[in-house]
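Notes follow the structure.
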Amino acid sequence: MARIKGTSVIEIVRVLRKNKDAARALLPPELHRYLEDRLLSSSWYPEEDYLTLLLALGRVLSPLVSGDVWSFLGHQGAVKDFTGIYSSVIRHGDPWGALSHLNAIWHIYRDSGTLSLDRTGPGSARVLLRDYPTACPEVCGTVSGYLRAVVELSGGTDVKVVLLRAPRMDVGPSEWSLEFGVPRK
């Protein structure tokens, strides 16, 4: 069973607890414990629970967010990560340097999946996510927002992230195209 670090679950649950009635209506009864129990940032939780919690969060926030809620959530997560605990990964003017750490950051939070980056030009790349059991358009949408934020925080301009494929794990990898203006050093 795939697992995700508690820090990822805590952020989702924090918002769901502020919207407890809506969350209870959206979550199956066996996951209501997340709305009450203490969660530990260093513990590992089932990815299936994470996915269900994330989908509920998306439904709660969707009316409040202009644009794509999944991209918004990923963008917010990256801003929290890279202006906080992982701020040393970001160096203004060096998006490629920050992007080179994506798989390592991925594995801090998850015990499954591999995120790879293939440069295709001075400001373009193909990003692949392999062997990730909960890949779906919504989760992949959060990755889109995360990628965009990493490049923006590093000084990249005109960032375009396009989710090309988000198939089940047994069908193949999820895939994104990434394009951005390379900052002048």
Side-chain angles (χ1 to χ4, degrees), residues 1-90 98 101-113 115 127 129 132-154 159 161-163 166 168-169 174 176 178:
M1 173 185 352
R3 298 174 305 149
I4 191 163
K5 201 69 152 183
T7 52
S8 296
V9 177
I10 287 171
E11 289 302 311
I12 292 170
V13 170
R14 184 180 56 78
V15 177
L16 290 176
R17 285 178 178 174
K18 290 181 180 179
N19 299 277
K20 201 175 274 191
D21 291 338
R24 282 190 187 284
L26 294 168
L27 294 172
E30 63 270 15
L31 295 188
H32 288 182
R33 70 181 185 280
Y34 284 99
L35 302 173
E36 306 298 332
D37 293 351
R38 181 172 181 222
L39 302 175
L40 301 174
S41 60
S42 60
S43 292
W44 291 90
Y45 296 90
E47 279 270 1
E48 294 83 7
D49 292 0
Y50 163 78
L51 177 59
T52 303
L53 292 164
L54 179 71
L55 294 174
L57 177 65
R59 290 188 62 193
V60 167
L61 292 182
S62 187
L64 307 172
V65 173
S66 63
D68 181 61
V69 70
W70 310 113
S71 182
F72 169 81
L73 290 170
H75 193 277
Q76 292 298 110
V79 168
K80 182 179 181 302
D81 286 349
F82 296 114
T83 59
I85 192 165
Y86 301 116
S87 62
S88 63
V89 169
I90 301 293
H101 295 285
L102 283 177
N103 192 49
I105 299 293
W106 179 268
H107 283 285
I108 289 171
Y109 292 109
R110 293 172 168 87
D111 71 352
S112 64
L115 202 57
V127 179
L129 175 58
Y132 184 57
T134 50
C136 63
E138 296 84 1
V139 170
C140 289
T142 67
V143 174
S144 297
Y146 201 90
L147 291 167
R148 184 170 50 86
V150 168
V151 175
E152 288 172 349
L153 290 168
S154 300
V159 182
V161 180
V162 177
L163 175 61
R168 293 185 330 267
M169 181 178 74
S174 298
W176 293 261
L178 172 61

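Keep in mind it's a predicted model, so treat the numbers as computed, not measured.
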Requested in this report: Could you please spell out the steps behind the salt bridge (Lys or Arg N to Asp or Glu O under 4.0 Å) verdict for Arg3 and Asp49?
Outcome: CA-CA 9 Å; Arg3 298 174 305 149; Asp49 292 0; over 6 Å; no
Query raised in the report: Yes or no on side chain to side chain contact (heavy atoms under 4.5 Å, CB included) for Leu51 and Cys136, after CA distance, side-chain angles and deciding distance?
Result: CA-CA 9 Å; Leu51 177 59; Cys136 63; 3.7 Å; yes
Query raised in the report: Does the pair Leu178 and Val159 meet the rule for a side chain to side chain contact (heavy atoms under 4.5 Å, CB included), with working shown?
Result: CA-CA 7 Å; Leu178 172 61; Val159 182; 4.2 Å; yes
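In this structure the side chain of Met1 reaches within 4.5 angstrom of the side chain of Glu48, judged on heavy atoms. Counting only heavy atoms from C-beta outward, the side chains of Leu35 and Arg24 approach each other to under 4.5 Å. The shortest side-chain heavy-atom distance between Tyr34 and Leu16 does not fall under the 4.5 Å cut-off. In this structure, the side chains of Val13 and Leu57 stay at 4.5 Å or more apart for every pair of heavy atoms. Within the 4.5 Å cutoff, no side-chain heavy atoms of Ile85 are placed close to those of Thr7. Side-chain contact between Asp81 and Tyr146: present, with at least one pair of heavy atoms (C-beta onward) separated by less than 4.5 Å. Thr142 has its side chain within reach of Val139: a pair of non-hydrogen atoms, C-beta onward, lies under 4.5 Å apart. With a 4.5 Å cut-off on side-chain heavy atoms, Val143 and Trp106 count as touching.
Within a 6.0 Å sphere centred on CG of Asp21, heavy atoms belonging to other residues, nucleotides or ligands number 12 at most. In the displayed structure, Ile108 atom CD1 is contacted under 6.0 Å by more than 12 heavy atoms of other residues, nucleotides or ligands.
To the nearest 0.5 Å, the span separating CG on Asp68 from NE2 on His75 amounts to 12.5 Å. The distance from atom CD of Glu47 to atom CG of Leu53, rounded to the nearest 0.5 Å, is 11.0 Å. Atoms NE2 and CG, on His107 and Leu102 in that order, are 11.0 Å from each other to the nearest 0.5 Å. Here the CG-CD1 distance, from Asp111 to Ile4, works out to 9.5 Å after rounding to the nearest 0.5 Å. Atom-to-atom distance recorded for Trp176:CH2 and Leu115:CG is 6.5 Å, nearest 0.5 angstrom.
Closest of all the heavy-atom pairs between Val150 and Phe82 is CG2-CE1, 3.4 Å. The two residues Ala166 and Ser174 make their nearest non-hydrogen contact at CA-OG, 3.7 Å. Nearest heavy-atom pair, Leu163 versus Pro137, reported as atom, atom and distance to 0.1 Å: CD2-O, 4.2 Å. Between Leu153 and Ala78 the shortest heavy-atom distance is CD1-O, 4.2 Å. Considering all non-hydrogen atoms of both residues, Pro28 and His32 come closest at O-CD2, 3.4 Å. The heavy-atom pair separating Ser41 from Lys5 by the smallest distance is O-CG, 3.4 Å.
The closest side-chain donor-acceptor pair between Arg110 and Tyr132 falls under 3.5 angstrom. No side-chain donor from either of Tyr86 and Ser88 sits under 3.5 Å from a side-chain acceptor of the other. Inspection of the Trp70 and Ser144 side chains reveals no N or O donor paired with an N or O acceptor under 3.5 Å.
A salt bridge links Glu36 with Lys20: the distance from a Lys NZ or Arg NE/NH1/NH2 to an Asp or Glu carboxylate oxygen falls below 4.0 Å.
Although no hydrogens or angles enter the test, the distance criterion places a donor-acceptor pair under 3.5 Å between the side chain of Tyr45 and the main chain of Leu40. Side-chain atoms of Ser62 do not come within 3.5 Å of backbone N or O of Arg59 as any donor-acceptor pair.
Aromatic ring centroids of Tyr50 and Tyr109 lie 6.0 Å or more apart.
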